[in-house]
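Below is one structure, written out as structure tokens, with a few remarks after it.
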Amino acid sequence: MTVLLEIRDLHVAYGRVEAVRGISLELGAGQIVSVIGPNGAGKTTLLSAAIGLLPASGSVRFEGEEIGGLDVEARVERGLCLVPESRELFGEMSVQDNLRLGAYARRLPRRLLKERLDFVCTKFPRLAERRDQRADTLSGGERQMLALGRALMSGPRLLLLDEPSLGLAPLIVQEILSIVSRLRQEGVSILLVEQNAMAALEISDFGYVIESGEVDIRGPSDVLARDPRVFATYLGSME
Amino acid sequence: MTWDVALILSIDGLASSAIYLLAGLGLVLIFSVTRVIFVPFGDIAAFSALTLAAFEAKKVPATIGLVGTLAALAVAAETISLIRQRAFARLPMAVAGWGVAPGIACALAWWAAGRDLSMPFAIGLTILLAMPMAPLVARLALKPIADASVLVLLIASLVLHFLLSGLGLLFFGPEGVRTQPLLGGSIAITDNFSVGLQVVLMVGAAAALSALFFLAFERTLAGKALRATAVNRVGARLVGIRPARTSLLAYGAASLLAGFVGVLISPVTTIYYDSGLLIGLKAFVAAIIGGLTSYPLTALGALAVGLVESFASFWSGALKDVIVFSLLIPVLILRSALSAHAEEEPEEIPS
Ligand SMILES: Nc1ncnc2c1ncn2[C@@H]1O[C@H](COP(=O)(O)OP(=O)(O)OP(=O)(O)O)[C@@H](O)[C@H]1O
Ligand SMILES: [Mg+2]
């Protein structure tokens, strides 16, 4: 297995408060790796630092190259893509324009852009029906699909997903997560942050449990899912 | 007031509206992408008028020296910042973009100055010289503080205006200029009433440019990237749009508009090195009517400002500016009444 993303001893601070305190993490090409942990554990902070939105110390290597010094845009050009917790859609613009802009970093010729647009639309038929609707008038679930669809437009090598199921009804959660798990077949690797720990472990290969900015437990997903410590601490409420 | 007078005043107002429309679009464009209220816009327009007048008088326009100086400073600033970042590979591009490109415009203008130029060629050169001005001053004074608050940016922009108009006095001197009308003659509409072709040209050019502007925004990826940056900066970065680059594009496009404003206004008004401020401020009133974000409302605002100014000058020449700026009061009251709900919400949850 070739390592796609390797994070070593990452520290991120907001002012004097350290939110990520020496996290190390690895993700192999073609893998889905989930990061779970309680609220405020530092999951969002970890992803923001990995894409370059927050300054961090430590090392972030992508495809064997150090990318810690690059800005967000350069990381996106290399094939990373973040779907943030706050979605960050272009609210006043149409669904279609949001999707088109998703491929901005690729500078695709018109024909290829169209092909990719059709590809994303077949994945999310609901978006296709709402092509001309403004993004800020979409429902929560549709917004999440648009955020995912926009990310897919860039043809990413690695997707960083921050709580793709946040605030969605169980049925849509299943739909979104099954789309996510099928992305792997298209050569997209995924670092998945989820509140919905059981569901995340179900579709991932490997998992990290973080708490207070540090990795608490790590292991293959099926092992983690049966680990009594994980169960007691984080999944206690689920069954 | 008779109908004839009202008609004449309306036509006059329409001509000024055309100017405020172009300037207002430039201001809204820059503000929405960079959050800067770009006060020096008017200065650049005034400098363009002075440039065109110099070409017409077969003199070397002082703009060449101004643009050359700014370009030299920008190259120096860019070089120092790149060397600090150890990004040596980007040096040639930076020198080409900030130094060579404006340099070519200056060289062309230098070569052409003093010759017998056809009007369209002189206008083209004038606009070519105007193009680099906003990007250059923004690179020098505003880029280092791009993340500051709107208020700090406004203060910097005001200071920049005073600096530029000081430089304007130094380079252009205190004399006012007025150029030949681009189109002479007039169209008779009734027996004792006719519209000057220059006015028709102004309104037509403003309409055509705004339409072009609209198309560029709606139809091209670069235009959409500009809008995306204005709508959501973080979202834009996440799809790989560099805010610094879109800002540059916005300043460039606004500079182009300022160039056109200068060319269109110089035959109808005497322009001095410091005439820009008043043009900029009135366009600002139009832009405020558009909430500094809406292009269609800004267009309406420009129409209102132009017409009010024209009628006000009929009643009292001395008070016309006061009346125009008084427009701001009802507009601001109305806007804050309408948007009270939208703006209160974020304040309740400090982020
Ligand atoms: N902008 C900020 N300024 C100061 N502290 C912050 C900021 N953003 C996050 N924090 C703090 O950093 C810690 C980690 O936050 P983070 O958003 O990464 O948690 P999380 O694991 O994503 O939580 P959740 O599951 O609720 O999304 C929290 O204690 C939070 O209060
Ligand atoms: Mg989070």
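Letters go in sequence order (proteins before strands), and every chain restarts at 1.
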How far does CG of B:L221 sit from CG of A:L108, to the nearest 0.5 angstrom? 9.5 Å
Counting only non-hydrogen atoms closer than 4.5 Å, does [X] touch chain B with its backbone (N, CA, C, O), its side chain (CB onward), both, or neither?
X: A:E77; value: side chain
X: A:R106; value: neither
X: A:L89; value: backbone
X: A:L101; value: both
X: A:A74; value: both

Which atoms of B:A236 come close to chain A, meaning under 4.5 Å heavy atom to heavy atom: side chain ones, backbone ones, both, or neither? both
Contact part of B:V231 toward chain A, heavy-atom cut-off under 4.5 Å: side chain, backbone, both or neither? side chain
Any idea which heavy atoms bring [X] and [Y] closest together, and the distance?
X: A:M93; Y: B:K224; value: CE-O, 3.8 Å
X: A:Y104; Y: B:I241; value: CD2-CG1, 3.5 Å
X: A:A105; Y: B:G240; value: CB-CA, 4.3 Å

With the side chain counted from C-beta on, respond yes when B:L238 and A:C81 share a heavy-atom pair under 4.5 Å apart, and no when they do not. no
Quick one, B:R245 and A:E73 - any side-chain contact, counting heavy atoms below 4.5 Å? no
May I ask you to decide whether B:R242 forms a salt bridge with A:D71, counting only side-chain N to carboxylate O separations under 4.0 Å? yes
Check the surroundings of atom OH in B:Y295: do more than 12 heavy atoms from other residues, nucleotides or ligands lie under 6.0 Å from it? yes
Count the heavy-atom pairs under 4.5 Å between each of A:V76, A:N98, A:L80, A:V83 and chain B, then report the option with the highest count. A:V76
I'd like to know whether A:E92 forms a side chain to side chain contact (heavy atoms under 4.5 Å, CB included) with B:R227, so could you lay out the CA-CA distance, the side-chain angles of the two residues, the decisive distance to 0.1 Å, and finally the verdict. CA-CA 9 Å; A:E92 292 167 27; B:R227 253 189 87 196; 4.3 Å; yes
